[in-house]
Amino acid sequence: MVADVIVETADTSTLVLFTGNDRLDYMAGHFLTIDPHQFEALERFTSFLEDMKGKREPPRAYSMCSSPHERYLAVTVKEERYVSGATKYPPLLSPLLVKGTVRGMRLVVTGFTGPYTLVPDITSQTDHVVHICAGSGSVPNFSMLKFALEHHPRLRHTFVYSNKTWSDIIFRDSLAQLEARHPGQLHVIHTLTREENSSLFGPNVRKGRVGVEVLREVMTDPTAPLVYVCGPGISKWDREAAKEKGIAPQPRFLESVLSNLEEIGVPNARIKREFYG
Ligand SMILES: Cc1cc2nc3c(=O)[nH]c(=O)nc-3n(C[C@H](O)[C@H](O)[C@H](O)COP(=O)(O)OP(=O)(O)OC[C@H]3O[C@@H](n4cnc5c(N)ncnc54)[C@H](O)[C@@H]3O)c2cc1C
């Protein structure tokens, strides 16, 4: 049951879920899935999209923003937008979860799963985790960060977080509070692509994308940290659209960060990644 809906930003909400006495057996970084067929309010859209696409709409994945040591299970959902001329179909589920979910509503969620979790022997592999996220890609990393701050006091974290504007930053206040509560253990750097004067927001707010400069700055020895990258990457739809036009698909956040990490010498085996299509 939805116990609370927290509005994070204009297009993002956290759904706090009350699950009765069910055991919340999940790891920080795991996701659950939500099947759109369970929502009567979506029925006509789901059927129409299935007719248009010629296939059944699959369940959507949502990472937990909560950490296993916390009392409630929670997911954070960013609404996908329909952009006329650019988006082939209107997004189905995220608009309902973000804008149409109210306290007391019941949802069936399935889970928990996913390979994007903290490695069990993390402290024997490193003393520094670098999180590199964009948009809702911060969700599993926020969960892992909270878990690690609770359970691995000797692990330090750098959280590099890319958004369009200052008001798009999900968990902005919570990240600042964690940073204040764990001085020397958590350092947060925001990169903003559409904010003219990003320095107005503080010394750790940069203009532009996550480039090699900021990555070099946070990893003086590129072989030392473990790096967790999460955010949008080239989707199968992007590939199909590019193929139709006879061009290569444009790299998105994930591809560009992975190429920057390679350039500065981070070994591939030290990079964990999760792709949000
Ligand atoms: C492991 C994982 C974890 C995730 N965690 C989160 C999270 O924590 N928070 C979050 O907000 N999101 C998360 N996502 C993304 C989420 O699962 C959904 O993809 C997102 O919410 C969009 O779903 P939707 O139903 O609103 O849009 P969809 O209906 O899936 O549409 C999304 C886009 O795909 C295009 N599209 C869909 N079908 C076709 C088709 N047949 N042909 C061409 N184009 C098509 C649409 O036009 C649209 O542009 C995660 C994804 C993964 C894989």
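Atoms within a ligand are numbered from 1 in the order they appear, just like the ligands themselves.
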> For P91 and ligand 1, does the shortest N/O to N/O distance drop below 3.5 Å?
Replying inline: no
>> Quick check: E57 and ligand 1, any N/O pair under 3.5 Å apart?
In response: no
> What is the nearest protein non-hydrogen atom to atom 21 (O) of ligand 1, stated with its residue, atom name and distance?
Replying inline: Y62 OH, 2.7 Å
> Backbone, side chain, both or neither: what part of E274 comes under 4.0 angstrom of ligand 1, heavy atoms only?
Replying inline: side chain
> Looking at S63, which atoms of ligand 1 are within less than 4.0 Å of one of its heavy atoms?
Replying inline: 3 (C), 4 (C), 5 (N), 6 (C), 7 (C), 8 (O)
> What protein heavy atom sits nearest atom 29 (O) of ligand 1, and how far away is it?
Replying inline: R60 NH2, 2.8 Å
> If you measure from each heavy atom of Y116 to ligand 1, is any distance below 4.0 Å?
Replying inline: no
> Is it true that the NZ or CZ of K272 lies under 6.0 Å from the centre of Y116's six-membered ring and within 45 degrees of the ring axis?
Replying inline: no
> Tell me: protein heavy atom nearest atom 53 (C) of ligand 1, and distance?
Replying inline: F275 O, 3.6 Å
> Can you check whether A61 has an N/O within less than 3.5 Å of an N/O in ligand 1?
Replying inline: yes
>> Could you identify the single nearest non-hydrogen protein atom to atom 35 (C) of ligand 1 and state the distance to 0.1 Å?
In response: W237 CD1, 3.6 Å
>> At less than 4.0 angstrom from any non-hydrogen atom of L93, what atoms of ligand 1 do you find?
In response: 24 (P), 25 (O), 26 (O)
>> Residue-level breakdown please: for E80 versus ligand 1, do any non-hydrogen atoms fall below 4.0 Å on the side chain, on the backbone, on both, or on neither?
In response: side chain
> F31 and Y62: ring pair (Phe, Tyr, Trp, His ring centres under 6.0 Å), yes or no, with the steps?
Replying inline: CA-CA 5 Å; F31 63 85; Y62 294 100; 9.4 Å; no
> For ligand 1, which atoms sit closer than 4.0 Å to a heavy atom of F31?
Replying inline: 1 (C)
> Which word best sums up how the rings of F147 and H151 line up, parallel for under 30°, tilted for 30 to 60°, or perpendicular for over 60°?
Replying inline: tilted
